[in-house]
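Take a look at the structure set out below.
Naming: A, B, ... by sequence-line order, numbering from 1 per chain.
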Protein chains: 2
Amino acid sequence: MVKKDVPEHRSGCPLSIALEIFGDRWTLLILRDLMFKQYSTYKEFLESGEGIATNVLADRIRMLQEQGIIVGERSTSDARIICYRPTQKGLDLLPVMVEMIIWADQYEETAAPARIMRRLREDRTGFIDEVRKRFTEAEKGKG
Amino acid sequence: MVKKDVPEHRSGCPLSIALEIFGDRWTLLILRDLMFKQYSTYKEFLESGEGIATNVLADRIRMLQEQGIIVGERSTSDARIICYRPTQKGLDLLPVMVEMIIWADQYEETAAPARIMRRLREDRTGFIDEVRKRFTEAEKGKG
DNA sequence: CCGGATCCGTTTCGATACTG
DNA sequence: CAGTATCGAAACGGATCCGG
């Protein structure tokens with residue numbers, strides 16, 4: 001069972017509020033798969049390589065939906081499959097994630113291609129808009 | 001600055017590396033206290049209002065030092081007190097934290113004064129440089 | 001097959017009491 | 001003041017089961 005939503009934030013500090021998403025190791029990995037790897041289904045997240053358990057994945061997906069960060073809907077072509085995509089609120093997390101990536105790559109050995117990292121550093125807003133556009137256009141094409 | 005080696009269970013993805021700092025609710029609160037509230041001692045962190053336990057605080061401080069994100073040294077005026085301050089690597093986390101704050105304030109009710117939030121949104125690099133300068137100047141003044 | 005729910009042994013976390 | 005030691009609570013991983 002999931003820990004219920006936190007009625008009292010421990011303080012009104014923005015950072016402590018953001019911790020509901022960032023204070024957990026799995027949530028960000030799911031968002032990375034969703035936004036950068038363009039994974040969209042439960043199964044893809046599960047096989048993403050980091051080894052998340054099924055109950056944990058289900059729990060985090062539920063939380064992200066409750067927070068309005070992602071939405072899920074059944075695929076029109078295969079009704080068994082649920083496709084998740086980020087909402088506006090979810091896409092607005094991109095600047096945070098990009099800054100994280102830049103920081104980590106600067107100080108630790110990462111597997112990120114140097115070409116992509118240079119792109120990120122030199123034109124982060126362009127990169128973010130590109131990702132954002134992928135999802136907003138997909139949504140239009142869907143309707 | 002030493003580059004730390006990555007634990008095997010994680011992929012080389014920058015985001016998964018950054019999770020060692022961000023995938024924990026307490027670590028960011030400590031960094032917030034350190035950089036924004038200008039707290040610097042164990043006791044100040046402890047009484048910061050969020051209710052961190054003593055062992056958890058000790059653990060996170062140790063981890064942040066091992067990661068080279070903060071350093072601690074005994075006060076020259078009172079040898080009982082250990083003053084912690086962010087390193088360059090720690091200060092480089094400011095962009096991530098600022099983006100987090102902006103995101104949280106945009107979507108949740110926060111206690112952050114509107115004046116400060118506007119400053120953050122409109123001049124985030126100026127704000128970051130200001131914080132950064134506080135610590136680099138303090139370090140010069142110390143020597 | 002897909003997206004979960006449930007049960008369970010194990011690990012990790014954190015609140016409290018205590019110490020150097 | 002700045003931490004350990006202890007121990008119960010919570011989260012996790014893994015296997016299994018289930019409805020569509």
Side-chain angles (χ1 to χ4, degrees), chain A residues 1-11 16 19-31 33-34 38-67 69-85, chain B residues 7-11 16 19-30 33-34 37-66 70-85:
Chain A
M1 229 19 177
V2 202
K3 185 182 60 128
K4 270 316 293 173
D5 54 341
V6 202
E8 42 90 24
H9 300 119
R10 284 172 311 190
S11 72
S16 72
L19 283 182
E20 299 194 27
I21 287 88
F22 294 108
D24 170 72
R25 24 198 267 274
W26 294 116
T27 305
L28 263 181
L29 292 176
I30 295 172
L31 291 172
D33 290 347
L34 188 69
Q38 290 189 269
Y39 291 177
S40 63
T41 70
Y42 184 93
K43 192 192 179 196
E44 285 174 322
F45 298 142
L46 204 61
E47 294 169 350
S48 175
E50 322 269 357
I52 189 172
T54 63
N55 54 351
V56 178
L57 176 56
D59 182 73
R60 299 303 190 274
I61 286 179
R62 189 184 313 119
M63 184 271 286
L64 284 169
Q65 286 182 301
E66 284 172 2
Q67 299 271 341
I69 290 169
I70 68 175
V71 289
E73 51 195 12
R74 295 203 174 271
S75 164
T76 49
S77 53
D78 185 344
R80 293 175 309 180
I81 295 177
I82 297 177
C83 286
Y84 297 98
R85 59 183 167 80
Chain B
E8 321 77 22
H9 64 283
R10 292 224 203 283
S11 67
S16 73
L19 281 181
E20 301 198 24
I21 286 87
F22 295 108
D24 171 72
R25 27 197 269 273
W26 294 115
T27 304
L28 264 181
L29 292 176
I30 294 172
D33 290 346
L34 188 69
K37 297 190 183 179
Q38 290 189 266
Y39 290 176
S40 62
T41 70
Y42 184 94
K43 192 193 180 196
E44 284 174 323
F45 297 142
L46 204 61
E47 293 169 351
S48 174
E50 321 270 356
I52 190 171
T54 62
N55 58 344
V56 177
L57 176 56
D59 182 74
R60 298 305 189 272
I61 285 179
R62 190 183 311 121
M63 184 270 287
L64 285 169
Q65 285 183 303
E66 283 172 4
I70 69 175
V71 289
E73 50 194 13
R74 293 204 176 270
S75 165
T76 50
S77 52
D78 185 344
R80 294 173 308 178
I81 296 177
I82 297 176
C83 286
Y84 298 97
R85 59 184 166 80

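Of the two residues near DNA chain D, A/Arg74 and A/Ala53, the one whose nearest nucleotide lies more 5' is A/Ala53.
Per the geometry, CD1 belonging to A/Ile82 stands 13 Å off P belonging to D/dG20, to the nearest Å. The distance between atom CZ of B/Arg25 and atom P of C/dT12, rounded to the nearest whole Å, is 18 Å. Following rounding to the nearest Å, B/Ile70 (CD1) and D/dA2 (P) show an atom-to-atom distance of 12 Å. Regarding B/Arg80, its CZ atom lies at a distance of 15 Å from the C1' atom of D/dG3, rounded to whole Å. The interatomic distance linking A/Glu44 (CD) with C/dC1 (C1') rounds to 15 Å, in whole Å. Distance B/Asp59 CG to C/dT12 P: 12 Å, rounded to the nearest Å. For the pair A/Tyr42 OH and C/dC1 C1', the computed distance is 14 Å after rounding to whole Å. Residue A/Glu47 contributes atom CD, which lies 11 Å from atom C1' of C/dC2 at whole-angstrom precision.
Here A/Trp26 reaches the OP1 or OP2 of D/dG13: one of its side-chain N or O atoms lies under 4.0 Å away.
A heavy-atom distance below 4.5 Å is found between the side chains of A/Leu31 and A/Ile21. With contacts defined as side-chain heavy-atom distances shorter than 4.5 Å, the pair B/Leu29/B/Phe45 does not qualify.
Residue-level contact check: A/Phe45 touches neither bases nor backbone, having no heavy atom under 4.0 Å from any strand. Contacts of B/Arg62 with the nucleic acid, taken as non-hydrogen atoms under 4.0 Å apart, involve only primed sugar atoms and P, OP1 or OP2.
Here D/dA2 is the nucleotide among D/dC12, D/dA2, C/dG3 with the atom lying nearest to any side-chain atom of B/Ile81. With D/dC12, C/dA5, D/dT4 as the candidates, the nucleotide lying closest to the side chain of B/Ala58 is D/dT4. Here C/dG14 is the nucleotide among C/dC2, C/dG14, C/dA17 with the atom lying nearest to any side-chain atom of B/Arg60.
Below the 3.5 angstrom threshold, one finds no donor paired with an acceptor across the side chain of B/Thr54 and the base of D/dA5. Between the base of D/dG14 and the side chain of A/Asn55 there is a donor-acceptor pair shorter than 3.5 Å.
Taken to the nearest 0.5 Å, the CG atom of A/Asp24 stands 8.0 Å off from the CD1 atom of A/Ile30. From B/Asp78, atom CG reaches atom SG of B/Cys83 across 9.0 Å, with rounding to the nearest 0.5 Å.
Between the side chain of B/Arg60 and the backbone N or O of B/Thr27, no donor-acceptor pair lies under 3.5 Å.
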